[in-house]
Amino acid sequence: MSVLVRAQSAWNGGWVASRLGVRLRTDSSPATVRLDDLLGLAVRRNPRRAHLLVSTVLGKHVPTDPRLVHAAGRLLGGLVAEALDGRTSHGVRVLGASLLAALNGNAGAASALRDAVVEQQAGRARQRLARPVAPLVIGYAETATALGHCVADALGDATYLHSTRRPV
C-alpha cells in the first residue's frame, strides 16, 4: 500500500511564527500552491544568518515523499517554461492542483500527481517552441541540484549544470 505523507504534518515552521510573529504570505500563485505550502521558517545558531527557509518539498531537511519532490521541481520547470515561451499552460495548473492535493494528504493524490507529471511532460513535448537559444539551468549548492535537474527536464531543451559553493 502506498501512503503519501504530508511533510508539514511532521514540521511546518509554526514555532518561529508563534514565538517571533514572523509569517509567510502569498499574494498570488499562478499554480494554486501557496508559499507556506512549500516552505516554513526556522531559526539556527549562526551569527551571519539566524533565519532559515526550510522547504517541505525538496526532501533535504524534512522527510518528503519522492513524488512530491519530483512534482514540485516539474511544476517550477513548467512555470519557467511559461515565462520563457510567453504563454500559460493548463498542464501547469493541473500539476499545481495535484501537488496541493498531495501536500494536503488527499486520498488518491499520489496517483493523480504522478499522472499530472506525465501529462505535463507530454504536453511540453507537444508544445515545444523554437527558442532562439536553449535555456541553461544552474543548480547551485547541495539543496538545489536535484531541483535544477527537475526544472531542466521540464524544459526539455535545456542544458543543465550543477555546482557547489565549495572551491574546486
Worksheet, complete the sentence: Sorted by chain and residue number, the side chain to side chain donor-acceptor pair (under 3.5 Å) partners of Asn46 (sequence neighbours excluded) come out as none
Worksheet, complete the sentence: Result for side-chain contact (heavy atoms from CB on, under 4.5 Å) between Val69 and one of Thr64, Leu147, Val57 points to Thr64
Discussion item. Using a 6.0 Å cut-off, check whether atom CZ of Arg25 has over 12 heavy atoms from anything other than its own residue.
Written reply: no
Which atom pairs, donor and acceptor, lie under 3.5 Å between side-chain atoms of residues 13-20 and protein residues at least two apart or in another chain?
| from | atom 1 | to | atom 2 | distance (Å) |
| --- | --- | --- | --- | --- |
| Ser18 | OG | Gly14 | O | 3.2 |
| Ser18 | OG | Trp15 | O | 3.1 |

Worksheet item: Donor-acceptor pair, Tyr160 side chain versus Asp153 backbone, under 3.5 Å?
Response: no
Practice prompt. Any chance you could lay out the side-chain contact (heavy atoms from CB on, under 4.5 Å) test for Val117 and Leu95, step after step, and finish with the verdict?
Written response: CA-CA 6 Å; Val117 168; Leu95 184 55; 3.6 Å; yes
Worksheet item: Hey, does the side chain of Asn104 reach the backbone of Asn106 with a donor-acceptor pair shorter than 3.5 angstrom?
Response: no
Worksheet, complete the sentence: Taking every heavy atom of Ala134 against every heavy atom of Asp157, the minimum-distance pair comes out as CB-O, 3.2 Å
Worksheet item: Short question: side chain of Ser55, backbone of Leu39 - any donor-acceptor pair under 3.5 Å?
Response: no
Worksheet entry | Residues which pass side chain to side chain donor-acceptor pair (under 3.5 Å) with Arg23, listed by chain and number, not counting sequence neighbours | none
Discussion item. Apply side-chain contact (heavy atoms from CB on, under 4.5 Å) to residues Leu84 and Leu155 and explain how you reach the verdict.
Written reply: CA-CA 10 Å; Leu84 290 174; Leu155 291 171; 4.1 Å; yes
Worksheet item: Going through the checks in order, is the side-chain contact (heavy atoms from CB on, under 4.5 Å) test met by Leu52 and Val43?
Response: CA-CA 6 Å; Leu52 187 62; Val43 292; over 6 Å; no
Discussion item. Looking at every heavy atom in both Ala112 and Ser98, which two are closest together, and how far apart are they?
Written reply: O-OG, 3.9 Å
Discussion item. Go through it in stages, so that I can follow the logic: the residues are Leu24 and Leu53, the test is side-chain contact (heavy atoms from CB on, under 4.5 Å), and I'd like the CA-CA distance, side-chain angles, deciding distance and then a yes or no.
Written reply: CA-CA 10 Å; Leu24 298 171; Leu53 298 174; 4.3 Å; yes
Worksheet entry | Minimum heavy-atom distance Pro30-Leu79, with the two atoms named | CG-CD2, 3.8 Å
Practice prompt. Could I get the full list of salt bridge (Lys or Arg N to Asp or Glu O under 4.0 Å) partners for Arg34, not counting sequence neighbours?
Written response: Asp36, Asp37
Discussion item. Donor-acceptor check, side chain of Thr26 to backbone of Leu35, threshold 3.5 angstrom: yes or no?
Written reply: yes
Worksheet item: Leu38, Val94: one ILVMFWY side-chain cluster at the under-4.5 Å cut-off?
Response: no
Discussion item. Minimum heavy-atom separation for Leu75 and Ala31, please, with both atom names.
Written reply: CD1-CB, 3.7 Å
Worksheet entry | salt bridge (charged side-chain N to carboxylate O under 4.0 Å, His left out) contacts touching residues 93-113 (sequence neighbours left out) | Glu82-Arg93
Worksheet entry | For Ile138, the rest of its hydrophobic cluster, which grows through side-chain links under 4.5 angstrom | Leu136, Leu161
Practice prompt. Compare every heavy atom of Ala154 with every heavy atom of Gly77, then report the nearest pair and how far apart it is.
Written response: CA-CB, 3.6 Å
Worksheet item: Measuring from Ser29:OG to Leu100:CG, what's the distance to the nearest 0.5 Å?
Response: 8.5 Å
Worksheet item: Considering all heavy atoms of both residues, which atom of Leu99 and which atom of Ala71 are nearest to each other, and what is their separation?
Response: CD1-CB, 4.3 Å
